[in-house]
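Right, one structure below, let's go through it.
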Amino acid sequence: MRIFNVIASPGIRMRMIMILYLFAFIFMLVPGCNMNYKGNKYEVFDNIPGTYTINQGANDILIPFELYAGNKPMIQAQINGISAKFLIDNGKLFDEVWFYNGEVDSLQVQFQSQIADSLIGIGENSATQIFKGNEIDLDFGCIQFLNQPTLISPSEVGFSGFFPGINGQVSSMLFKHFIVEFNFDDFYLKLTKPDNFIIQDNFIPVKMHKRSNGSYCIPFELVMSSGSTHNVLLDIDIGTVFPLYLISNADNNIPISPNAKREFLGFAASGELYGFRDTLKELHLNDLVLTDYPAIIVQSDANTDTDIVESGTFGIQLMKQYNVTFDYFNEVMYFEFDKNNN
C-alpha cells in the first residue's frame, strides 16, 4: 500500500505509515445499543481513537470484507446514512480515518483547519498536502465507531485516482479497539475484545517487534537466489500488494542479482517507484517455509525518508494463504492453518 510520513505544520505533530502503488487497484446508527466502550482496559497505546457501541444481543462482531482489485481488503460503512468504502491498512497504526478525495458534503467530511501538513513517502517526487478534518461516526450494522478523527487529502493531489470508488482507509479504528481476525475463506473480519480472545489450536503465534517509528515487524529468514541467507525484520502491512517488498541497504546486505533489470513498479506516496524483481529460494517464518517465493527488491535510496521502512514489508499476498489475526495488545500475530495447508 503506501508508506508515508506526515510532516506537521508548526504546533502539530503527526506521523503515519502506508504503501501505495498505482497498479494495485483495495446503517445509520442502529437504535437499541446498550454498551459504550472507551478503548479497553489495557494501557498499551498512547492514544485510542474515539469510542464504539455494540448492538444489544450482538455476540460475534463480524464485518464482511471484499478484496478490492483482488488484493486489498475493503469494508463498507454508513456515514450519515450514505454508503462509504474504505481500505484497511496497518503499515502503521495511524489514528485517523484518511479520506482520499477532499471534502465530501454528503458525508459531512470537511477540513477542520486550513493549514496544510505535508505527506511524504517512498517515491521520487516531493511531498503532498494533507489537512486535518472533522470527527465522524461510521456504522457497520452490529457495531458503530464514534468520534473518529480524520485526515483529508485534497482532490487535486490525486489519491482517489489510484482507487476508483474508494473513499479512503482505516487503521487504528479497528486495531486499537479489538483483536482483529481476517478470515480469507469466508471474507469477514472478526472483532474480539481482548478479554474474550481465545487462542485456537491451529494458530501459529509470531511475536511482533515495535519499531521506534511506530510500525510493527516480524522476523524472517530469506534464502536468496544467489544462495546467501539474511535474517531481517519485515514490517507488517496488509496493504502491501507485492508478495515481498525488500530494501537492500548496508545493514542487511540483501543482494540484487546482476542480471536483474531496474523497472517501473508503480506509484507510491511520493511518486514513481522503481525496483528489481527476483525469486527467493526459500522464505522462512517460524515453522512456515515457502519455496520459490517472488520478491521485489529496491535500493535504499528509493525511500525519500529512510526511517519509514528499514528492511522491507510483507502483506496480503502472504497473509491470504492463511487466516491471520492481529493482537496488538500483546504484540502477537497469528497464522491459522486450515485443511488446505500442510
Side-chain angles (χ1 to χ4, degrees), residues 1-26 49-50 68-69 72-77 79-80 82-136 138 148-174 214-215 237-241 266-273 303-305 308:
M1 216 173 139
R2 68 194 63 62
I3 303 173
F4 69 75
N5 287 338
V6 174
I7 303 174
S9 55
I12 301 174
R13 302 299 303 170
M14 291 186 292
R15 198 166 182 84
M16 299 188 282
I17 290 188
M18 297 175 260
I19 288 186
L20 175 63
Y21 300 107
L22 178 60
F23 60 86
F25 311 123
I26 152 163
Y68 179 81
K72 285 184 173 293
M74 188 240 356
I75 53 179
Q76 190 164 328
I79 302 176
N80 299 315
I82 306 296
S83 178
K85 296 179 179 180
F86 297 92
L87 304 178
I88 301 172
D89 180 71
N90 65 346
K92 182 179 179 181
L93 299 189
F94 61 100
D95 291 341
E96 295 83 0
V97 177
W98 179 22
F99 285 87
Y100 294 154
N101 197 26
E103 296 178 296
V104 183
D105 290 339
S106 61
L107 301 179
Q108 298 181 16
V109 175
Q110 299 174 332
F111 296 137
Q112 191 177 67
S113 170
Q114 296 303 314
I115 301 175
D117 295 326
S118 297
L119 181 153
I120 190 169
I122 62 173
E124 300 189 357
N125 296 333
S126 59
T128 62
Q129 289 186 325
I130 194 166
F131 293 84
K132 183 178 180 180
N134 59 296
E135 293 184 347
I136 61 170
L138 300 93
Q148 297 300 307
T150 65
L151 287 172
I152 306 171
S153 287
S155 56
E156 58 268 21
V157 171
F159 281 119
S160 62
F162 294 127
F163 306 107
I166 299 297
N167 295 90
Q169 65 183 53
V170 298
S171 181
S172 293
M173 184 188 77
L174 301 172
S215 62
D237 187 351
I238 200 166
T240 299
V241 299
F267 286 91
S270 289
E272 296 179 349
L273 185 67
N303 290 272
T304 55
D305 189 337
I308 294 174

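Considering all non-hydrogen atoms of both residues, Leu107 and Asn80 come closest at O-ND2, 2.9 Å. The shortest non-hydrogen separation linking Ser106 to Ile82 is O-CG1, 3.7 Å.
Between the side chain of Asn167 and the main chain of Lys85, a donor-acceptor pair closer than 3.5 Å is present. Judged purely by atom type and a 3.5 angstrom limit, Asn134 uses its side chain to pair as donor or acceptor with the backbone of Gln108. Looking only at distances, no side-chain donor or acceptor of Thr150 sits under 3.5 Å from a matching main-chain atom of Val97. Between the side chain of Glu103 and the main chain of Phe111, a donor-acceptor pair closer than 3.5 Å is present. For Ser172 (side chain) and Phe94 (main-chain N/O), a donor-acceptor pair under 3.5 Å exists by modelled atom type.
Expressed to the nearest 0.5 Å, how far OH of Tyr100 lies from OG of Ser155 amounts to 15.0 Å. Here the CD-CD1 distance, from Gln110 to Ile136, works out to 12.0 Å after rounding to the nearest 0.5 Å.
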Going through the distances and angles, do Ile130 and Ile152 end up as a side-chain contact (heavy atoms from CB on, under 4.5 Å)? CA-CA 6 Å; Ile130 194 166; Ile152 306 171; 5.8 Å; no
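Between Ile75 and Val170 the shortest side-chain heavy-atom distance falls below 4.5 Å.
No side-chain N or O of Asp89 forms a donor-acceptor pair with one of Ser171 less than 3.5 Å apart.
Each of Met173, Glu135, Glu96 was evaluated against Gln148; a single residue qualifies, Met173, per the side-chain contact (heavy atoms from CB on, under 4.5 Å) test.
For Phe86 and Tyr68, the ring centers sit 6.0 Å or farther from each other.
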